[in-house]
Amino acid sequence: MSASSSSPSAHDYTEGASAIDIQQAIASASRARRDSRYGQDGDNMFDGPGHAVNPSSVSRMSLQDHGRRSSGYSRASRSRRQSEDSMSRGSRSRSRRMSRDSAVDADVTGDEHSDASGDEVEERGRPSRGRKDSASPPTTRGNMFENIVSMFGRSAAVTDSPPRSRRASMSSRASRSRLLRRHSSRRSDAGSDYALDTEDSGDERWGYTSNEEDSGSEADIASVERSGSEMDYGSLPPSPTRMHPLLAGDPIFGSEARIDMGELDQLSPPPPGPPSRQTLDWRDTSWAGVSSVQNGLRKDIQEQRMTLFGPNLVDIEGKSTLSLLIDEVIHPFYVFQIASIVLWSLDDYYYYAFCIALISAISIITTLIETKQTIARMREMSKFICTVRVYRDGSWSECDSSSLVTGDIVDLLEPPLATLPADMFLLSGDAIVNESMLTGESVPVSKVPIKSEDLAKWRGTTDVAGEMAKSFLYAGTRVVRIRGATSLDGRSGAPALGLVVRTGFYTTKGALVRSMLFPKPTGFKFYRDSMRFIGVLAGVALLGFCASAVQFVRLGVRWHTILLRALDLITVVVPPALPATLSIGTSFAIARLRKLGIFCISPSRVNVAGQINVCCFDKTGTLTEDGLDILGVRAPERSAARFGELLEDIHDLPGPGRGERAGFLYALATCHSLKMVGGEVIGDPLDVKMFEFTKWTLEEGTVAGAGVVKNKAVGNQPAALVQTVVRPPGSAQFRIEDALKGAGKHAHFLELGVIRTFEFVSALRRMSVIVKRLKSTSMEIYVKGAPEVMAEICDKSSFPSDYDDLLSYYTKRGYRVIAMAGKSIEGLSWLKAQKLKREQAESNLQFLGLIIFENKLKPGTTPAIQTLRAAHFACRMITGDNALTAVSVARECGLINPAAHVFSPIFIRGNASSPLSKLEWASMEESSWKLDDYSLKPLTPPAQRAGEVDELEAHDYTLAVTGDVFRWIMNHAPLETMQRMLVKTQVYARMSPDEKNEVVERLQGLGYTVLMCGDGANDCAALKAADVGLSLSEAEASVAAPFTSRTPDISCVLEVIKEGRAALVTSFSCFKYMALYSLIQFTTITLLYSFASSLGDFQFLYIDLFIIIPIAVTMGRTLPFPRIHPKRPTASLVSKKVLASLVGQIVITSAVQFWAFFWVRSQAWYTPPAEQDPGGDDDKLESLNYENSTLFLVSCFQYILVAAVFSIGPPYRKQMWTNGWFMASMACLSVFNLVVLLAPPGWIADVLELMALPGLARATLLLAVVINVLASLAFEQWGTQAVAGVIGWIMELRRHQRTRDGKLYKAVEGGMR
């Protein structure tokens, strides 16, 4: 029931107003609210994602692709303009024309786009030119790919086409009654305490007067966006057509009118074979406007599109255990181990073969389990099926969301959807969704119905941008609220409907999952070099065998034995236990990280973490707490022209002074775009915090009541009187009539209603509201915006004298400052308020005060950033927030030097999509200070900054880049400018998920090793693409990143880097140790092969199992050094220092062994080994001789010695003696070896097949061991540097090549000096 009908006497609220006035006034009052944003040049001032942040799965495109898409778009635009022009010119003559065949409706466009293949498919939805042809032939059904027309066409096959093809108009022709309903589509739940049957709640409640004359003209009405599709106000009658039953008469679709498009040429048939990849990135070219999609799909079209595009599922194929096992076992290392085990078994070396087989089996099973768990988590996260209602074949039916295809119309209300199953355009109703899964920001985003021209643009673009983004519903996003349109009587009318535009892996969610499944492969130098080094060792083994084989032939050894010894020599030089020992340090690092609450699902990334030199961070939820907090407000003092104290309690804020209507408190309570959903206030976090600070209560406009606007021309039309109502604390429980009547004249019941909202405009950097106070004769206008723009719209005399100083004080300390202003207009009525132009409303304002927000840093952020900066790490911030906030937070946490100048670019010509655009790089502190737009070096500074040019030349400046500028630079800027931008930029703001990913990949392309730390929401792709991705999450393992930390701040980054460096150094130590162990044993074997001898089985077993395994395992237990060193450890096995160390130790140990071999043969007590029968059946070589015993005893000490030499301590690991298990192992083995050397028990000598040596000989060997120890330690300490210098001189050319190939960023940095 209307408010007027409940009053004792009915009133016409808008007497004298024209139909157009009322329609546009209502449209203005119900405009879709956008996310409030403040910032420079389109940057958002609030934390919430603006429409520019909406994700896109195709933001990364080549320059050629971009040009092709741009040209396609422009052609589509021209085609549409021509159609619209021709429609407007011919509308009168065609207004009487009726369709001769009701069966040929909007789907007739199928004739136009039949046989959409070949070039048509390649054009991806460009509108076809008019073509001359006779009537279309009957549709013939061949197989699917031979007749692709029937898949893309929307019409049934017609045998009798009319002489002229007609397609649906982009603007629907609706009757006046439908026009009336259109403007009430966003109104619901009318009737409340505001529609009171009392004298006090009559027509003057919200500024109505029954005798108001509308003296204004149509031109005075501010042009506003209309909710729903654009429609003509002409008098064209509807053409008869089969309509959507729930949409028939609905203003979103209305009735359609025909436009004669001329004759169409028949397209060439599609080529044979399966569809190309381009077919799958397809657009329905019949989507000329909202009215052209109103009939949904036919069943046969749905089935054909299902066959072509597949089901609407993001389903990951799960591999069987057997296939995963095969994939793991065919790894070269495991193949080599299996071959070695077989060889040892043939050689009766069962003990060691069993140990290696056991270790390999445990490793394979562990990897298998982790892989299956990861796949299961990915499947659970990505797969989603729900029940939906779709409109097909002229009726509604329920089906699984997996059967949705492009072009389906979905009911978003019944059954209720908690999560959206596909990418859709909103056709009718309104929606609030949470896009945190894609954008990472938990701010609810409002969606409004798509307009016809925006839907038509979709045919010629592959990206979701501009106005389209306000109507685009992304698959996987959570539904906060969806409402249908409102009918004339205030009840729910047409349902909320969505048009499916992308399904399955072609949705934005699907693209995100794809990027996680197939991240950019990362090659790590250590692993590449290790494979090369193993190849070198195999070459050494081959050379050794060739020398030994010659000797074997000379001695008459059988070929079978020679072959067996040759293969055995390869397993000696390339030990099969090498992979296990290399992973030991990594395993210990992962275990230590797990104790710290940091979990790793990709062990190979631990070593990579030791090479990190760039750390990238998300902002919200990573560096800072979620959201902003109000520090307080500053209002001007009434008695003096300066600011008062900072007020942290709203009760300390005075109300309007005597004779004043506009108050700071009222501005705080009303100047926002908040909504009420389920009893909870939702909207931009800054708006929410500001409103919560007031402690007032809020009700949405639907409870504010509705009146019926009567007009003879257009009939009755519902109109919400207010959009939002706010009340002070404690007043919500009283009924309004009680407050008004209870105390008579002295009742001071306060209630403010928002009559109209001027949404935030990025160019203006402000928003405003028109507010009516209950029972007041005036209305107030409140404006909230960036402090810099207030000087243009406020009375200069209202500013305090210390305005600039106070503003500078807060902004330079990283606070967010918002300014408020207002004014009162006496006698402003509701209708005049709806017609008021924005520039009139936002002028001659009185400054009211400042609100100061703080984005609190997490406690661990600043210390972690300072530690990283002290260790010479480059730190970057990549955020979806605006540049001003990001820079202030970066300064506060020390990511940007507080004294550094920050330069930010803006477009001074063109925009992000134009190749010919021009950027201007200006200082954020001094806008007149610029950078050269090519070299990005500072130009001549302004006079007051002249003394600072030397400081800038010392590189004490940095860049802050927004997403649109980044995209333009990637696509159109010179290569040198792009590289310099990547090297110098520290803050990337307003970045979409794809752009975050691209920043990481571009940095990697410059040679950086990148760590990315985020919350794992909108930065999944970047976390996966980074060399090391670290997600801050409560879960033990995240599919988004190799590392997951329960620690809620970035201090975990320090632990990952320290453990990564320790693990990398440990891997180097283990690799060098295993390599030297192999070469020591190779030297021993080669010397013994020279006379057809070898080590015995138990000698091999003692060395391999009782010396090598304990030392290699315990070597990796050394803890990381507590402080991060500025220099990274080397990741190259062919580095000078590593090669010098290896070569020197090989020379020393080999020299000692050669001395021992020839020394023992020169002794008087030496007896040569007994002659062996070369033709015997036994493949074993004799091991009981003096050479064997001497070399075995010396080499046993060398295995322990090189372990101590290669146990690197500071600056990456703690000292060797802090590793108790390692020291105990070396001590026990050294004591045992001394016993075996000096006084071996008889049973040990028998088992190890040792000859009895004289006491003097034993003492001589001990002396040789001591000399070996001293020489090795001295060389490692001092000799390595000298040898490294020589190797460096030899490798000079190779080093230059490496610098050019892999460290491009160093060359770029050098070019900017």
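Quick note: numbers below take in every heavy atom, side chains included, and nothing from hydrogens, waters or symmetry partners. Along the sequence shown, residues are numbered consecutively beginning with 1.
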All ring pair (Phe, Tyr, Trp, His ring centres under 6.0 Å) counterparts of Phe617, not counting sequence neighbours: none
Test item: Asn607 side-chain N/O and Ser604 main-chain N/O as donor-acceptor pair under 3.5 Å: no
Pairwise ring-ring contact (aromatic ring centres under 6.0 Å, His included) hits with a residue in residues 400-425, at least two apart: Phe425-Trp458, Phe425-Phe472
Contacts of Phe505 that satisfy side chain to side chain contact (heavy atoms under 4.5 Å, CB included) - sequence neighbours left out: Val314, Val513, Arg514
Residues Asp994 and Ser992: side-chain donor-acceptor under 3.5 angstrom: no
Chi angles and distances behind the side chain to side chain contact (heavy atoms under 4.5 Å, CB included) call for Met991, Val999: CA-CA 9 Å; Met991 305 298 284; Val999 169; 3.5 Å; yes
Main-chain N/O of Thr406 paired to Arg502 side chain as donor or acceptor, under 3.5 Å: no
Residue pair Leu473 / Leu412, side-chain heavy-atom distance below 4.5 Å: yes
Leu1032 side, atom CG; Thr622 side, atom OG1 - distance, nearest 0.5 Å: 5.0 Å
Validation row: Met424, Tyr474 side chains within 4.5 angstrom (heavy atoms): no
From Cys1013 atom SG to Phe1043 atom CZ, the distance as rounded to the nearest 0.5 Å: 11.5 Å
Check: Asp423 and Thr503 side chains under 4.5 Å, non-hydrogen atoms: no
Value rounded to 0.5 Å, distance of CG in Leu420 from CZ in Arg478: 11.0 Å
Asp315: side chain to side chain contact (heavy atoms under 4.5 Å, CB included) partners, not counting sequence neighbours: Leu313, Arg379, Lys383
Pair Arg305 + Asp284, salt bridge at N-O below 4.0 Å: yes
Residue pair Thr419 / Thr477, side-chain heavy-atom distance below 4.5 Å: no
Asn312 side chain vs Gly504 backbone, donor-acceptor pair below 3.5 Å: yes
Ser913 and Arg967: side chain donor to acceptor below 3.5 Å: no
Partners meeting side-chain hydrogen bond (donor to acceptor under 3.5 Å, both in side chains) with Arg481 (sequence neighbours left out): Glu700
Over 12 foreign heavy atoms within 6.0 Å of CD, Glu380: no
Partners meeting side-chain hydrogen bond (donor to acceptor under 3.5 Å, both in side chains) with Lys319 (sequence neighbours left out): Asp327
Residues in side chain to side chain contact (heavy atoms under 4.5 Å, CB included) contact with Ser403, at least two apart in sequence or another chain: Gln302, Met306, Arg392, Cys399
Donor-acceptor pair, side chain of Glu995 and main chain of Asp964, under 3.5 angstrom: no
Pi-cation contact, Trp396 with Arg389 (under 6.0 Å, within 45°): yes
Atom pair CG (Leu1003) and SG (Cys616), whose distance is rounded to the nearest 0.5 Å: 5.5 Å
Chi angles and distances behind the salt bridge (charged side-chain N to carboxylate O under 4.0 Å, His left out) call for Asp393, Arg298: CA-CA 5 Å; Asp393 285 333; Arg298 296 196 316 273; 5.4 Å; no
Set of side chain to side chain contact (heavy atoms under 4.5 Å, CB included) partners for Ile365, sequence neighbours left out: Ile369
Side-chain (Asp430) to main-chain (Val448) donor-acceptor, under 3.5 angstrom: no
